[in-house]
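First the structure, in the form of structure tokens, and then the observations on it.
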Amino acid sequence: IVVVAGDREYTQASVQQNQFLLLEPIFTFIRGNEESAVKGMRVREAWKNKRENGLPLTRRMPAWCKLDGNKIVLDETNAAGVRRIFQMGLTIGPKRIAVVVNQWNLAMMLYRKRKTEGWMSSYISKILYNPQVIGHFQPHVMRKGKRIPEGPLRTDYYPAVITPEEFYSMQATLSAR
């Protein structure tokens, strides 16, 4: 056994000479495990505190919102784009909307750099189906590699871009197609 931090090597001969030598790395492993558990508990408590006190949980949010200190506010330029998409969605589908907004050169609302240019119908669909446009947010936690909802749905987490009536009308329109 080689312990890098202590720059020590434990061979079969050295352990046979003094069996208590193995206690040092074992106690080091135990201490590391305990420190990791305490850190995990503190991080969970910090997230719980954020959820309970209504603080923004992350800096990442829908492209039509932005963080202003500890408050989430609308990015009016992007919010106007979302409203246009919802207006068009009442009469045409996501593929046609993508063609139209690309012809208008409507600026993309992006979280990160993409390989493709312009609006894609899949992104238009994500916006049209996304309850975040009416302010909804469902916190999740990761358990065994899966996202699991935690806590109640927060209906006023984000500022609403459209009314709930407009959103649910769009959902009915989309399901009827």
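Scope of the values below: all heavy atoms of this structure, side chains included, with no hydrogens, waters or symmetry mates. FYI, the numbering just counts along the sequence from 1.
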When rounded to the nearest 0.5 angstrom, what is the spacing between [atom1] in [X] and [atom2] in [Y]?
X	Y	atom1	atom2	result
Phe29	Glu34	CZ	CD	14.0 Å
Ser14	Gln19	OG	CD	11.0 Å
Asn102	Ile124	CG	CD1	8.0 Å
Leu21	Gln16	CG	CD	12.0 Å
Glu165	Ile134	CD	CD1	9.0 Å
Asp68	Asp75	CG	CG	11.5 Å

**Request:** Give the C-alpha distance, both sets of side-chain angles, the deciding distance and a yes or no for side chain to side chain contact (heavy atoms under 4.5 Å, CB included) between Ser169 and Leu90.
**Result:** CA-CA 8 Å; Ser169 172; Leu90 293 172; 4.2 Å; yes

**Asked** Checking side-chain hydrogen bond (donor to acceptor under 3.5 Å, both in side chains) for the pair Ser125/Ser122: CA distance, chi angles, key distance, verdict?
**Response** CA-CA 5 Å; Ser125 291; Ser122 61; over 6 Å; no

**Message:** Within a 6.0 Å radius of atom CD on Gln12, are there more than 12 heavy atoms belonging to other residues, nucleotides or ligands?
**Reply:** no

Are [X] and [Y] in one and the same hydrophobic cluster, where Ile, Leu, Val, Met, Phe, Trp and Tyr link if side-chain heavy atoms are under 4.5 Å apart?
X	Y	result
Ile92	Trp119	yes
Tyr168	Leu128	yes
Val141	Leu153	no
Phe137	Val73	no
Val43	Val38	no

**Message:** If I compare all heavy atoms of Leu67 with all of Pro56, which pair ends up nearest, and what's the gap?
**Reply:** CD1-CG, 3.6 Å

**Asked** What closest approach, in Å, do Ile72 and Pro159 show between heavy atoms, and which atom pair accounts for it?
**Response** CG2-CD, 3.6 Å

NZ/NE/NH1/NH2 to OD/OE distance under 4.0 Å, [X] and [Y]:
X	Y	result
Glu35	Arg31	yes
Arg143	Glu150	yes
Glu76	Arg83	yes

With a 4.5 Å limit on heavy-atom distance, are the side chains of [X] and [Y] in contact?
X	Y	answer
Thr173	Arg177	yes
Trp64	Asn130	yes
Pro139	Tyr157	no
Arg154	His136	no
Leu174	Met170	yes
Val133	Tyr158	no
Asn78	Cys65	no
Met88	Val101	yes

**N/O donor-acceptor pair under 3.5 Å between Gln138 side chain and Gly151 backbone** = yes

**Prompt:** According to the interplanar angle, ranging from 0 to 90°, do the rings of Phe167 and Phe86 count as parallel (below 30°), tilted (30 to 60°) or perpendicular (above 60°)?
**Reply:** tilted

**Prompt:** Would Thr163 and Glu166 satisfy side-chain hydrogen bond (donor to acceptor under 3.5 Å, both in side chains), going step by step from the backbone distance to the final call?
**Reply:** CA-CA 5 Å; Thr163 66; Glu166 291 170 313; 3.2 Å; yes

